[in-house]
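Step one of this worksheet: look at the structure below.
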Amino acid sequence: LTSYYVVIMTDRGDAAAADVEASRVNIFLHAENTRIFQTDQLDRRLPVTVVTGHLGSGKTTLLRHILTNRSNLRIAAAINDFAELNIDRNLVKHVNNGAERIMELSNGCVCCHLLDDLKDAVFKLLEAGGDVDTDTVNYLVVETSGVTDPMSVVRTLDAKFGKTYRARLDAVVTVVDSDQFLHSPLPSAEAVAQLTAADVVLMNKVDLLNDDAQCDLVEGRIRAYNSSAEVYRTVRSTIPLHKILDVSPADTNKGNGDGAIIPITHEQTSIPFYVSSTGGSLRREGSSLINRTANDSHLRGKSKGYNSLSVKLDKLPLSLLKLQQFVTSPQVQKLARMKGVLWIRGISEYRCVLHLSGRGRLGFELDGRWSGPPSSELAFIGSDIDTAYLEQAFSDCCVFDDEDQSTTRDDQFIHSLSQSQSFDIINHESKESDDCITYFRIGSKPYGYTEDQIERDFRIDTNAMNLDLADAVNASVANEEGRKAFLAHTEIHDETGRRRVVLCYAGGEPANNLELLSEEARNVLATHFRNVSDCRCGK
């Protein structure tokens, strides 16, 4: 089953009061830009960008990037998820820019009966009067599920009559997992359909490739399926918005691209975007403009049948030790996709986002504090998955009252960690007195400097250094013996009140692999200290 939602993003969040005041100051400037300088009052259609891509390619990351960096744009986000629990909707809703309202559509596949729901959702966004109400919403981003052929959505939005006739398709953006694409010589039929429909292709996760030669190889394979699309190489789906939305950043000297001169005001804090009044600058002949029949997407590649499982646990928090053993198990590593928001003991004040994609690569991040009752929601997607095992094994990750987890620590591993030149053990008492978690950080021992000296004298962000280590460990693939590593992190405040990112050791092997940790730590240290010529001893 799939879920499909529309989220309207407005200026809310921690800076809500400041945003309101800024809106009051600039109310007349906004009216001038949206009304007086509008070059074509009759063509006020709602611009739409469709974001598509295979499972785990980075579509939701791209959507979150758009909403975080949208400046003055008022963006509605329509989200379609393959799993019964719409994890993507959960993640997008929790972006700092809060949601004004959410329109939930029926479950199903976006390429069949959900098209009627998409039409209804677009119609509802446009039904306020005869013109598009651009003061409420001036852009729509549609994120399809990873197993969808986007051409049905394209045809719907390109319709010249019906409920979507006042919507204007600006671009189809396809996100590609470069590492997965490199190691999968024959993409699925869905992946091929997504590529051939693209106006813009984001070659995402290029940081996981070894060199430019591999990047060139992946780009060459992409262009074999679509030679006319614009291809951009990205990390974490980060890209300037005007490359994927038909907008232009304002130039105070040259205007907004449609002839409007942008006044300079003392209140302006960020450069606004201006939506093209006509569209069409991103559409490419031969990509999404191809008039394909409904069955053309199955002519190349092999279609894979996926099924999904969604599990929600809201009674007890998860044990980090059990969780890391679960997510590194062979049954989980063979999944096509896994994603969720977790409630973990020892890190329980934070929403912990966990996901798996590509060749069993994991990702872990903190997504702010809980704003309501905590719970754990995890969705699994794959071919012929053992749903009974996954549901039971995930449920068994909970912390039960009659367990003594302090006995699970490997004191020898902790001793080796403390003796390592790469790490420092952090003496910090958890609010939950969770004896089974040991906190540690990348140390400064190899260079002889204290953390204060590193941050003050060399301007090195030690928190970013530790996050980079966690990302590197989690993004690693299983070794020849099938051992996969996983590393969680959290935030604490030291004795001076400074925020510190700390890494979490919960015990056990192979989830925490000292050899891999040390190797990745050396790489991270070398990267961050690349401009430090000498250690403190002068060598």
Side-chain angles (χ1 to χ4, degrees), residues 206-208 210-211 235-236 238 320 324 346-347 349-350 352 362-366 368 409-431 434-476 485-507 509 511-539:
V206 294
D207 55 318
L208 299 180
N210 292 334
D211 48 38
V235 176
R236 297 183 182 275
T238 301
L320 179 58
Q324 69 182 22
I347 322 177
E349 63 181 304
Y350 295 103
C352 299
L362 294 167
F364 181 91
E365 61 186 85
L366 303 182
R409 293 199 309 178
D410 185 344
D411 291 335
Q412 179 60 42
F413 185 93
I414 296 175
H415 176 74
S416 300
L417 199 66
S418 63
Q419 296 300 309
S420 170
Q421 288 296 308
S422 299
F423 305 107
D424 289 325
I425 299 294
I426 305 299
N427 295 319
H428 177 79
E429 184 177 349
S430 170
K431 293 181 180 179
D434 194 346
D435 295 333
C436 67
I437 293 182
T438 299
Y439 301 121
F440 65 100
R441 282 168 60 87
I442 298 180
S444 52
K445 298 175 186 176
Y447 296 91
Y449 297 100
T450 66
E451 280 201 354
D452 287 339
Q453 291 171 328
I454 292 172
E455 295 176 342
R456 181 189 66 238
D457 299 338
F458 301 112
R459 299 295 190 269
I460 295 176
D461 188 340
T462 59
N463 284 335
M465 201 161 58
N466 282 272
L467 290 175
D468 287 347
L469 174 58
D471 289 343
V473 170
N474 293 329
S476 64
F486 171 69
L487 186 60
H489 59 83
T490 187
E491 295 181 0
I492 64 172
H493 289 85
D494 62 16
E495 62 277 2
T496 66
R498 291 179 300 181
R499 182 184 66 89
R500 294 300 191 192
V501 172
V502 293
L503 309 173
C504 302
Y505 168 70
E509 286 272 8
N512 285 117
N513 185 317
L514 182 59
E515 181 179 351
L516 177 63
L517 283 175
S518 300
E519 178 183 354
E520 295 295 349
R522 286 192 293 269
N523 295 335
V524 169
L525 286 169
T527 299
H528 284 266
F529 279 84
R530 61 187 179 277
N531 295 323
V532 180
S533 57
D534 300 315
C535 72
R536 194 177 182 184
C537 66
K539 295 182 180 179

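The shortest non-hydrogen separation linking L366 to H489 is CD2-O, 3.7 Å. Here the closest heavy-atom approach between residue L320 and residue A488 is recorded as CD1-CB, 3.8 Å. The nearest pair of heavy atoms linking G346 to I437 is CA-CD1, 4.0 Å. Contact detail for L487 and C504: the closest heavy-atom pair is CD1-O, 3.7 Å.
Between the OG1 atom in T462 and the CD1 atom in I442 there is a gap of 9.5 Å [rounded to 0.5 Å]. Annotation: the span from E491 atom CD to R500 atom CZ amounts to 11.5 Å, rounded to 0.5 Å. The CD1 atom of I460 sits 6.0 Å away from the CD1 atom of I454 when rounded to the nearest 0.5 Å.
When each of L469, N463, I425 is tested with R441 by the rule side-chain contact (heavy atoms from CB on, under 4.5 Å), just one qualifies, namely N463.
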Evaluate side-chain contact (heavy atoms from CB on, under 4.5 Å) for S416 paired with Q419, printing each intermediate quantity in order. CA-CA 5 Å; S416 300; Q419 296 300 309; 5.8 Å; no
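By the 4.5 Å heavy-atom criterion applied to side chains, Y439 and L503 are not counted as neighbours. Residues E451 and R498 are not in side-chain contact: their nearest non-hydrogen atoms beyond the backbone lie 4.5 Å or more apart. At a threshold of 4.5 Å between non-hydrogen side-chain atoms, the residues N474 and E365 do not count as touching. For the pair Q324/F364, no side-chain contact is recorded, criterion being any heavy-atom separation below 4.5 Å from C-beta on. Two residues are said to be in side-chain contact when any heavy atoms from C-beta on lie closer than 4.5 Å; I426 and D494 fail this criterion.
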Validation: residues 514-528 side-chain donor-acceptor distances under 3.5 Å, sequence neighbours left out:
{"unit_1": "S518", "atom_1": "OG", "unit_2": "L514", "atom_2": "O", "d": "2.9"}
{"unit_1": "N523", "atom_1": "ND2", "unit_2": "E519", "atom_2": "O", "d": "3.4"}
{"unit_1": "T527", "atom_1": "OG1", "unit_2": "N523", "atom_2": "O", "d": "3.0"}
{"unit_1": "H528", "atom_1": "NE2", "unit_2": "D468", "atom_2": "OD2", "d": "2.8"}

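For F423, the ring pair (Phe, Tyr, Trp, His ring centres under 6.0 Å) partners two or more places apart in sequence, or in a different chain, are F440.
Residues R236 and D471 are paired through a salt bridge, judged by an N-O separation under 4.0 Å between the basic side chain and the carboxylate.
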